Amino acid sequence: MRTTRALVNLDALARNYKALAGFLEEAAAASGRPAPRVIAVVKAEAYGHGLVRAARALADAGAPMFAVADSGEGAALRESGIRQPILVFGAVSAGSVDDVFTHDLTPTVAAPEAAVALADAAAARGVRLRCHVKIDTGMHRMGFRHDNLRRTLPPVTGHPHLEVAGVYTQFATADDFEHPLYEQQRERFDAALQVLASLGVTGAVRHAAKSGALLRDERVWFDAVRPGLLLYGVVPPPGFTTLALEPVMSLRSRIVAVKDLRPGDSVGYGARFTAGTPSRVAVVPAGYTDGIDTRLANRGVVLVRERRAPVVGSVCMDSMMLDVTGLDAAPGDEVVIVGRQGAQELGIREMASTVGTHPWELLCRLGPRIEREYV
Ligand SMILES: *Cc1c(COP(=O)(O)O)cnc(C)c1O
């Protein structure tokens with residue numbers, strides 16, 4: 001077993017799912033509405049937690065539906081025995097149309113040409129394909145433009161071999177409470193839903209809310225919500241919640257060597273840290289191959305002996321160095337890079353803000369070399 005490993009707490013994942021589903025149920029009941037279903041987002045290897053293990057834990061906790069980025073991830077879920085509907089967010093390429101049928105995946109239809117390709121494939125098999133239509137309400141990534149749906153949608157909604165089982169959009173600024181685009185997108189989606197109704201699409205599952213939107217605005221819950229980050233116990237910055245969510249992953253290692261520095265001694269590649277006073281440095285076998293961000297150099301902190309130890313010098317390919325002066329640290333001591341150690345906790349949000357990025361990126365970038373240990 002490698003010294004540096006990611007501990008994934010599947011019980012915490014299940015508890016997060018239940019906390020979220022319970023919250024949605026209570027809040028919806030208080031407004032006299034049915035609770036939205038949770039579409040559990042497990043794309044990108046379940047945000048680095050491990051696609052199949054995470055999805056199984058979520059299914060056992062009651063998740064009624066999953067979403068993945070591409071048909072390859074969908075196929076992997078099916079092969080692992082997941083029976084719930086699986087929505088594929090991304091465009092289905094010509095080469096993976098077969099997967100949709102073989103593995104009973106629900107594709108997203110986001111452009112007229114893609115609709116034709118899927119409809120032809122469905123017609124050739126003599127089946128009616130359930131799909132979700134994506135509306136571009138202002139993010140300008142995937143989807144039918146919101147402002148000419150009466151022209152572009154009829155070939156999809158009227159096609160005998162396509163069944164529009166869902167309709168959705170994605171917010172570009174859900175985590176920015178000041179940005180006016182959010183309200184515009186919300187209104188455009190409402191208008192798009194009316195166009196769909198006028199085209200005879202009724203009963204399609206309507207959904208719009210990823211984690212940030214789910215927390216900030218009950219109006220966009222519709223029939224289903226699509227949390228990713230929240231399930232893994234991380235609240236999208238700068239938001240907060242009173243929900244009892246626990247970080248699912250922690251990243252742990254051990255000190256493998258310590259050495260004493262004299263004033264003037266420098267540390268690591270580029271000699272980017274120089275000791276001003278007698279200091280002690282510890283070496284940890286976790287580097288950028290493992291997903292440790294190089295921008296933590298001379299800026300990050302980790303936990304050693306329940307204290308915050310600064311990262312000194314550059315982050316190397318396979319290791320990094322810490323200033324452990326005065327901590328009485330020794331080889332074998334546990335190092336917590338993300339997670340809890342005694343009374344201290346370092347969150348992925350804090351690490352992301354230290355290096356100037358967001359928690360999604362850091363979670364997904366945890367390298368494949370790191371062993372996931374499931375607890
Ligand atoms: C990734 C993704 C989500 C989940 O986003 P979070 O912010 O992690 O909750 C929801 N919807 C779509 C379309 C996505 O691509």
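Being a predicted model, the structure only gives us computed values, none of them experimental. First listed ligand is number 1; within each ligand, the first listed atom is number 1.
Considering both main-chain and side-chain atoms, Tyr47 comes within under 3.5 Å of ligand 1 through a nitrogen or oxygen pair. Note: an N/O pair closer than 3.5 Å links Trp360 and ligand 1 by distance alone. Residue Ser211 has at least one N or O atom closer than 3.5 Å to an N or O atom of ligand 1. The shortest N or O to N or O distance between Gly212 and ligand 1 is not under 3.5 Å. Between Gly228 and ligand 1, an N or O atom pair is found at a separation short of 3.5 Å.
Between Phe23 and Trp221, the ring-plane angle classifies as perpendicular under the 30° and 60° cut-offs. Between Phe171 and Tyr182, the ring planes lie tilted relative to each other; the angle falls in the 30° to 60° range.
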Can you list the steps and then say if Arg272 with Ser266 is a side chain to side chain donor-acceptor pair (under 3.5 Å)? CA-CA 7 Å; Arg272 290 174 63 190; Ser266 63; over 6 Å; no
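His207 and Tyr168 have their aromatic ring centers within a separation under 6.0 angstrom.
Counting heavy-atom neighbours within 6.0 Å of Met317 CE, excluding the residue itself, gives a total of 12 or less.
Considering only non-hydrogen protein atoms, atom 15 (O) of ligand 1 sits nearest to Lys43 NZ, 2.6 Å.
Proximity of Pro227 to ligand 1, defined as any heavy-atom pair under 4.0 Å, is confined to the backbone N, CA, C and O atoms. Counting heavy atoms closer than 4.0 Å to ligand 1, residue Arg226 contributes atoms from both its backbone and its side chain.
Within the structure, side chain to side chain donor-acceptor pair (under 3.5 Å) pairs that include any residue of residues 110-130 comprise Asp98-Arg125, Arg130-Glu163 (at least two apart or interchain).
Under a 4.0 Å N-O distance rule, the pair Glu371/Arg5 does not qualify as a salt bridge.
Residue Leu229 has at least one heavy-atom neighbour below 4.0 Å for each of these atoms of ligand 1: 6 (P), 8 (O), 9 (O).
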